[in-house]
Structure formats: C-alpha cells, structure tokens
Amino acid sequence: MIAFLKKEWMELWRTGRFLVLLLVFALLGIMNPAMAKLMPWMMETLSESLADSGITVTAVTVDAMDSWTQFYKNIPIGIIVFALLSSGSFTSEYQRGTLIPVAAKGLSRWNILLAKALTACAAWTALYGLCFGITYGYNAYFWDNGVASHLFLGASMAWLFGIWVIGLLVFFSASAKSSAQVLLGTGGIVLAVYLMGMFPRFGKYLPVACLDGLPLLQGATCPGDYSASMAAAVGMALLCLALGGVCFSRKQL
C-alpha cells in the first residue's frame with residue numbers, strides 16, 4: 001500500500017494535475033481579499049453612471065467579513081475543478097489495464113482503493129489549506145479576522161464537504177467505466193442533496209449545510225446547528241468508501 005501511495009503521488013505530479021490544482025486554489029485564495037479590496041474602487045468608478053440612472057452610491061466600507069463572503073462563494077468552484085481532475089483516477093487505469101499486474105501479484109484491492117482515497121483526501125486537504133491560508137493571511141494584513149466568529153470551525157465544515165464529495169467520487173469510480181459516468185453520478189447526488197437542502201426541514205441534516213458557514217461567522221447561527229450536517233457528511237463518506245470497496249472487489253479489471 002505504501003508503494004501504491006507513492007505511485008499515486010508521482011502520477012499526480014507527472015500528469016500535471018496537482019500543479020493545475022495548486023494554481024487554481026492559490027488564485028481563488030488571492031481573489032477573495034482582492035475582490036473585497038477592490039469593491040470601494042469599483043463602486044466609486046460606477047457611481048457616475050449610476051447617478052445618471054437616479055441611483056445614489058454612498059461610501060462603501062469593507063472588512064474581513066467581505067473577503068470571507070467571497071471565500072464561501074468561490075470554494076465550490078475549487079471543489080468542482082478538483083472533482084473534474086480527480087474523476088479519472090480509477091477509470092484511466094481500467095482503460096490502460098495497469099491495475100491488473102499489481103492485483104495479480106497479490107496487492108489487495110482494498111489497499112488500492114484506500115491508497116487512492118487517502119491520496120485524494122491528502123491532496124484536497126493541502127489545496128484547501130493553501131486557499132484558506134492565503135485568504136486568512138491577506139485578511140489579517142488588510143483588516144482583522146477577529147470580526148469573524150468560529151472562523152476555523154466554519155472552514156473545517158467546508159473542508160468536510162469536500163471529503164464527502166471525495167467519498168462519492170471513490171464510490172462511483174469503483175463501479176463506473178468512464179470518468180463521465182463518475183462525474184454524472186457524483187454531480188447527480190450532490191445536486192439532489194442540494195435541492196433537498198432547500199427545504200428547511202431537511203437542510204440541517206444534509207452535508208450541503210456544511211457549505212453554509214457564513215452565518216456562523218456572522219454570529220447568526222451557533223456551532224450546534226451544524227452538528228447533524230457534519231455527522232451526515234462523515235457518515236455518508238464512510239458509507240461510500242465501504243460500498244466502493246465492495247464494488248471494487250467484485251469488479252472485473
């Protein structure tokens with residue numbers, strides 16, 4: 001399994017996927033405070049044209065909360081890009097037949113699946129930490145992160161949502177034949193959960209609530225309001241991993 005973990009990391013680097021993801025998440029981390037910082041200038045630039053339409057623009061004051069608002073708006077973009085580039089982790093090896101030799105030599109299929117899942121989780125953690133760290137650093141330099149309540153808890157919830165998405169990717173990758181099927185299955189489940197989350201009666205029990213951490217930072221909600229959604233994300237991720245292992249162990253390579 002250790003050898004397979006090394007192989008997965010080498011493949012991430014050699015294919016350039018990890019470098020692309022690094023650039024995307026670093027750019028997202030920079031965009032969050034940049035958009036907040038440029039907001040007063042943009043409003044001042046547009047004030048004359050808006051005044052001609054009868055709209056009066058007052059002075060705009062921004063703080064770290066505006067940057068964190070951008071963070072929660074942009075992090076789904078990072079999750080989508082991560083899913084797109086990770087969807088072929090299994091299926092590309094099915095098509096090349098590269099798993100047949102290692103499985104024939106005795107490497108457990110469970111170890112193969114766990115190695116791929118751990119690599120994806122480690123990559124997501126590093127990339128998410130990079131994006132969060134860049135935003136946090138710029139916010140601390142320009143403003144004060146103290147305006148945000150439960151900042152790290154809110155960040156951990158969005159990270160946990162990404163772990164749930166990885167669980168879905170692993171499950172569909174273990175059973176699907178192409179990356180398109182993996183994306184359709186994962187996207188379909190996420191969309192269905194998102195639509196269910198629009199109903200307040202179910203929303204707090206679904207993983208999608210983990211992406212709604214902005215009210216927690218603003219003090220409108222408390223940490224206990226998210227315990228059910230966090231537990232659901234962990235439970236569903238573990239369930240997907242277990243079901244993926246069962247499907248992968250029975251799959252003909």
Side-chain angles (χ1 to χ4, degrees), residues 4-5 7-32 68 70-94 112-136 154-176 178-194 197 206-213 229-230 232-234 236-241 244:
F4 207 82
L5 280 169
K7 174 258 181 192
E8 287 297 309
W9 276 109
M10 289 176 63
E11 185 176 352
L12 271 178
W13 279 108
R14 290 178 177 178
T15 57
R17 285 184 295 158
F18 194 70
L19 179 59
V20 172
L21 288 169
L22 277 175
L23 294 175
V24 169
F25 277 81
L27 180 61
L28 290 176
I30 295 173
M31 283 177 58
N32 300 324
W68 288 119
Q70 292 297 323
F71 176 84
Y72 282 97
K73 289 181 178 179
N74 291 333
I75 201 61
I77 300 175
I79 295 175
I80 292 172
V81 175
F82 183 87
L84 287 172
L85 294 182
S86 303
S87 60
S89 177
F90 281 82
T91 56
S92 61
E93 301 216 47
Y94 297 156
I112 295 175
L113 182 132
L114 287 175
K116 286 184 173 292
L118 287 174
T119 301
C121 289
W124 163 248
T125 302
L127 294 166
Y128 182 81
L130 174 66
C131 181
F132 178 83
I134 291 175
T135 301
Y136 184 92
S156 65
M157 293 191 308
W159 170 83
L160 196 57
F161 180 86
I163 296 296
W164 173 62
V165 173
I166 290 174
L168 293 174
L169 287 172
V170 171
F171 168 68
F172 285 104
S173 296
S175 54
S178 66
S179 59
Q181 293 177 349
V182 175
L183 289 173
L184 284 173
T186 303
I189 296 296
V190 173
L191 178 60
V193 171
Y194 176 78
L206 298 174
V208 71
C210 292
L211 277 182
D212 192 24
S229 60
M230 295 176 70
V234 173
M236 292 177 68
L238 293 176
L239 179 62
C240 288
L241 186 63

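Hydrogens, waters and symmetry mates are skipped; everything else that's a heavy atom, side chains included, is used.
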Chemist: As an exercise, state the distance from NZ of Lys73 to CD of Gln70, rounded to the nearest 0.5 Å.
Modeler: 5.0 Å
Chemist: Identify the two heavy atoms, one from Ile163 and one from Cys121, that lie closest to each other, and give their separation to 0.1 Å.
Modeler: CD1-SG, 3.9 Å
Chemist: Rounded to the nearest 0.5 Å, how far apart are OG1 of Thr186 and CG of Leu169?
Modeler: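 If we round to the nearest 0.5 Å, Thr186:OG1 and Leu169:CG are 4.0 Å apart.
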Chemist: Any side-chain to backbone donor/acceptor pair from Asp212 onto Val208? Under 3.5 Å, distance only.
Modeler: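 A pair under 3.5 Å: no.
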Chemist: Which residue pairs pass the side chain to side chain donor-acceptor pair (under 3.5 Å) test when at least one of the two sits in residues 112-126, sequence neighbours left out?
Modeler: Glu8-Lys116, Ser89-Lys116, Glu93-Lys116, Thr125-Trp159
Chemist: Indicate the atoms forming the closest heavy-atom contact of Pro207 with Val193, along with that distance.
Modeler: CD-CG1, 4.1 Å
Chemist: Could you tell me if the side chain of Val170 sits less than 4.5 Å from the side chain of Cys240, heavy atoms only?
Modeler: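 Not touching, per the 4.5 Å side-chain cut-off.
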Chemist: After noting the C-alpha distance and the side-chain angles of Val190 and Ile79, does the key distance pass the side-chain contact (heavy atoms from CB on, under 4.5 Å) rule?
Modeler: CA-CA 11 Å; Val190 173; Ile79 295 175; over 6 Å; no
Chemist: Let me know which of Phe25, Phe82, Trp13 forms a ring pair (Phe, Tyr, Trp, His ring centres under 6.0 Å) with Phe18.
Modeler: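 Testing each of Phe25, Phe82, Trp13 against Phe18, the sole residue satisfying ring pair (Phe, Tyr, Trp, His ring centres under 6.0 Å) is Trp13.
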Chemist: Using every non-hydrogen atom in the two residues, find where Cys131 and Phe71 come nearest and quote the distance to one decimal.
Modeler: SG-CE1, 3.9 Å
Chemist: Taking the side chain as everything from C-beta on, heavy atoms only, tell me whether Tyr194 gets closer than 4.5 Å to Leu211.
Modeler: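 Result no, sub-4.5 Å side-chain heavy-atom pair not found.
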Chemist: Would you say that Leu114 contacts Leu241 through its side chain, given a criterion of any heavy-atom pair below 4.5 Å between the two side chains?
Modeler: yes
Chemist: Just how far is it from atom OG of Ser86 to atom CG of Leu183, taken to the nearest 0.5 Å?
Modeler: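 The OG atom of Ser86 sits 9.5 Å away from the CG atom of Leu183.
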Chemist: Would you confirm whether Tyr128, through its side chain, and Gly162, through its main-chain N or O, come within 3.5 Å as a donor-acceptor pair?
Modeler: no
Chemist: Measure across Phe171 and Gly244 and return the closest heavy-atom pair with its distance rounded to 0.1 Å.
Modeler: CD1-N, 3.7 Å
Chemist: How close do Thr91 and Ala176 get, counting heavy atoms only, and between which atoms?
Modeler: CG2-O, 4.2 Å
Chemist: Rounded to the nearest 0.5 Å, what's the gap from CG on Leu118 to CG on Leu5? Could you check?
Modeler: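 It comes to 6.0 Å.
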Chemist: Evaluate the side-chain proximity of Ile189 to Phe172: yes if any heavy-atom separation is below 4.5 Å, no if none is.
Modeler: yes
Chemist: Taking all atoms of both residues into account, what is the closest heavy-atom pair of Leu113 and Phe90, and its distance?
Modeler: CA-CZ, 4.1 Å
